[in-house]
Protein chains: 2
Amino acid sequence: MSGRDDLPRRDVDDAGGKPTLRTIAEITGLAVTTVSRALSGAPQIALETRQRVRQVADHIGYMPDRAAQRLRTGRTNVISLILDPHEEIINFGTSLIRGISTALRQTPYHLVITPSFEDAPNLDPVRYIMRNRMADGIIFSRTQPFDERVRLLLENDFPFVSHGRTELSVPHPYVDYDNEEFAFQATMKLIAAGRTKPAIILPPERFTFHHHLRYGFMKAVRMQGVDYEVLSGVSLDSSAETIHARILARLDEASPPDGYVCGGEVSALAVMAAYTDRAMVPGRDVGIVAKKTSTLFTPVRPRIDTIEEDLAAAGEAMGRLLLKRIGGAAAEDLQELHRPQMETADATAA
Amino acid sequence: MSGRDDLPRRDVDDAGGKPTLRTIAEITGLAVTTVSRALSGAPQIALETRQRVRQVADHIGYMPDRAAQRLRTGRTNVISLILDPHEEIINFGTSLIRGISTALRQTPYHLVITPSFEDAPNLDPVRYIMRNRMADGIIFSRTQPFDERVRLLLENDFPFVSHGRTELSVPHPYVDYDNEEFAFQATMKLIAAGRTKPAIILPPERFTFHHHLRYGFMKAVRMQGVDYEVLSGVSLDSSAETIHARILARLDEASPPDGYVCGGEVSALAVMAAYTDRAMVPGRDVGIVAKKTSTLFTPVRPRIDTIEEDLAAAGEAMGRLLLKRIGGAAAEDLQELHRPQMETADATAA
DNA sequence: CTCCAAGCTTGTATCGTTATAAATCCTCAC
DNA sequence: GTGAGGATTTATAACGATACAAGCTTGGAG
């Protein structure tokens, strides 16, 4: 009854289409399965066969189809970076991205940007990625002490690396900059330069690095027994205009600070602008130590002291650690704390 | 001989796994095919059925599997942004990314970053994406007059949008900033403020916007009949240090310029730094008009004139146009030229 | 001469979706 | 009552890769 005469499913020489395992199978005369196993380096396949298959594959420029692999294995070969709206400031995002890309180079992993449109870190992107298996691992920043994202990811044993630490008891992979050390060194620098009332502008309290910066700052002022101030009313997330206005206002109140520790370039510029507008010279009439995350500050005048945070290095580390985590490494071994690198503007050192 | 008794391939209630078409089919009692067709809104499926299927799908939170869709249809639902090493400067990359993400919001498209590690625009990322169908469309920048990437993409009829125009005769989708108008306005501004010898720092000659900036600049100086200079030895890609050194050197040579048109924040800061280092005041002793692509400049002192380029808007436009292109729109209708937005530092206007 | 094990290779089913072609179901006219 | 014909729905076969179980060789022992 069946008139099927077993016709080939495609043209014999497979003209035009991109090479698949089937192409290699036809060339070598092996079965598709064998080719697959051979390319994955399975020891059950004869060494000679493995080499031959590899050679043919390279010759015709075979690249496995990601969609097919993903469908079959469930692995996506994708790393997702959750990009916060605030990360637009300066080159935070791009440096991180370049670092991650570097770590992912020569691996089958691709980097997908998952934007967050919310103002505060929220769970939706994480839920979306986990539920629909959109990636094998997640990277995010602006970490909070009891971060819900970390909690959720840990609960589901989903690989991730956070930029910043938490205070949760379960260890998890992270890459962080030693903001406590940064604030400590920056404050000591101000005091060493003769400032008697250093101030600090902190990020919003919900972030872990708010506390690290505060500890480092407090450690220094306590140690040196000087007056101090945590600038109220603004944060590192405030706009330059807001910070600028706040600094000006503070100058009109009683006993203003004579030094500032700035956790970002924008806030440092805002402080400089405020003093400049009052005909005071940053570096002379007020001490400023800023965190430098880009080459931006090099040409800024007057020169101020900076301490560097290398975001590309952070990104590269996060990518590297995440790949290890996906590979099954233990979270305890995947934690990196990057040290500040001093850079003195001129001979201000004590 | 066959003892197959047609056992079900999975447990009946499909516990735990994420919902697929099959899940919906079981719930509704329809065939998988019908569910697929219903969700895609095919008119052949009864309206009542379509509604019921949609309702069930929403109820159980069904999301189509991207890998399966991609494998079956060949469409990836991915947009690839080729990120150049130079785009790390300031927030170029991140603003663009945010803009593209905004355009892709509420669509099935994801954004994948394909880094380029080469110094000059090169073809490898484009070839890789086309050959392996890694994306449905490509976005890139730093476009050249006879851009090889554009040529290759046009040849293969592969959807893309370039940031910047070419001089190729075949029309293609682009989003560009009117750099000619920017340079013209900037230069006119300098002349109106009494400068007699404006200079301009240009990007490397291979880029299209080098020529646009030059035209605009030349148009203004010719029109006003003033002396002028195209600063040699450096480009907008030069480091801040290099530009800084060059400006200083130029100050020691004969008849230095008394005004600068700067196509980027970094070069503007470098120029300011050089004059400041010679105890001259930017804005008073030298005119500077800079392109502003971020909020960075707001707090910079002394204030200088800026003209804005909105990169997030450019990214959003590129995403939007690319989706239309993928949808089959004609290239001629997918070209946008964004106008500069003036912003005066103070009452410098003529 | 048979049989077994080791070594290597292959067939089959499957991941979730959709294009294609075919099968139902209904309604209505004659 | 029967067939035409439109309206719906369904079965089947892919897309390309891989897990699993089974199948071939081959050489050597008994």
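All values derive from a computational prediction rather than experimental measurement.
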Going by atom type alone, with no hydrogens or angles, which donor-acceptor pairs under 3.5 Å involve a side-chain atom of residues 128-135 of chain A and a protein atom two or more places apart or on another chain?
from    : atom 1 : to      : atom 2 : distance (Å)
Y128(A) : OH     : H110(B) : NE2    : 3.0
R133(A) : NH1    : G74(A)  : O      : 3.3

Query raised in the report: Rounded to the nearest Å, what distance is computed from the CG atom of residue L39(B) to the C1' atom of nucleotide dT9(D)?
Result: 15 Å
Report summary line: Residue set satisfying side chain to side chain contact (heavy atoms under 4.5 Å, CB included) with P115(A), at least two apart, ordered chain then number -> F117(A), R98(B), S101(B)
Requested in this report: Mind running a 4.0 Å heavy-atom check of residues 43-51 of chain B against DNA chain D and sending the residues that fall below it, in number order?
Outcome: Q44(B), I45(B), A46(B), T49(B)
Requested in this report: Check whether any side-chain N or O of E148(B) sits under 3.5 Å from a backbone N or O of L123(B) as a donor-acceptor pair, and report yes or no.
Outcome: no
Query raised in the report: In chain order, what residues pass the salt bridge (Lys or Arg N to Asp or Glu O under 4.0 Å) check against D65(B), with sequence neighbours excluded?
Result: K18(B)
Report all interatomic pairs (protein N or O, nucleotide N or O of nucleotides 19-26 of chain C) with separations under 3.5 Å.
from    : atom 1 : to     : atom 2 : distance (Å)
dA19(C) : O4'    : R72(B) : NH2    : 3.1

Query raised in the report: Which residues in residues 59-69 of chain B have at least one heavy atom lying under 4.0 Å from any atom of DNA chain C?
Result: Y62(B), P64(B), D65(B), A68(B), Q69(B)
Query raised in the report: Expressed in angstrom and rounded to an integer, what is the separation of I24(B) atom CD1 from dT18(C) atom P?
Result: 11 Å
**Report entry** Donor on one side chain, acceptor on other, S116(B) and D84(B), under 3.5 Å
**Finding:** no
Query raised in the report: How does protein reach along nucleotides 23-28 of chain D, written 5' to 3' as B (base within reach of a heavy atom under 4.0 Å), S (only sugar-phosphate), or - (no contact)?
Result: ------
Query raised in the report: Nearest to the side chain of T34(A), which nucleotide is it out of dT10(C), dA17(D), dG16(D)?
Result: dT10(C)
Requested in this report: Give me the bend of the helix from dC1(C)-dG30(D) to dC30(C)-dG1(D), using the axes of the five pairs at each end, rounded to 10°.
Outcome: 90°
Query raised in the report: Does any N or O in the side chain of T94(B) come within less than 3.5 Å of the main-chain N or O of T94(A), such that one atom is a donor and the other an acceptor?
Result: yes
Requested in this report: Would you indicate whether the side-chain heavy atoms of Y109(A) and V78(A) approach each other to under 4.5 Å?
Outcome: no
Query raised in the report: side chain to side chain contact (heavy atoms under 4.5 Å, CB included) with D333(B): which residues, sequence neighbours excluded?
Result: A330(B)
Query raised in the report: What residues form a side chain to side chain contact (heavy atoms under 4.5 Å, CB included) with T73(A), not counting sequence neighbours?
Result: R75(A)
Query - salt bridge (Lys or Arg N to Asp or Glu O under 4.0 Å) contacts in which one or both residues fall within residues 38-47 of chain B, not counting sequence neighbours - result: none
Query - Pairs where residues 317-331 of chain A contributes a residue and the test salt bridge (Lys or Arg N to Asp or Glu O under 4.0 Å) is met, not counting sequence neighbours - result: D157(A)-R325(A), E316(A)-R320(A), R320(A)-E336(A)
Query raised in the report: Does the side chain of T143(A) pick up a donor-acceptor pair with the side chain of H163(A) at under 3.5 Å?
Result: no
Report task. Mind calculating the distance between CG (N132(B)) and C1' (dG16(D)) to the nearest angstrom? Result -> 13 Å
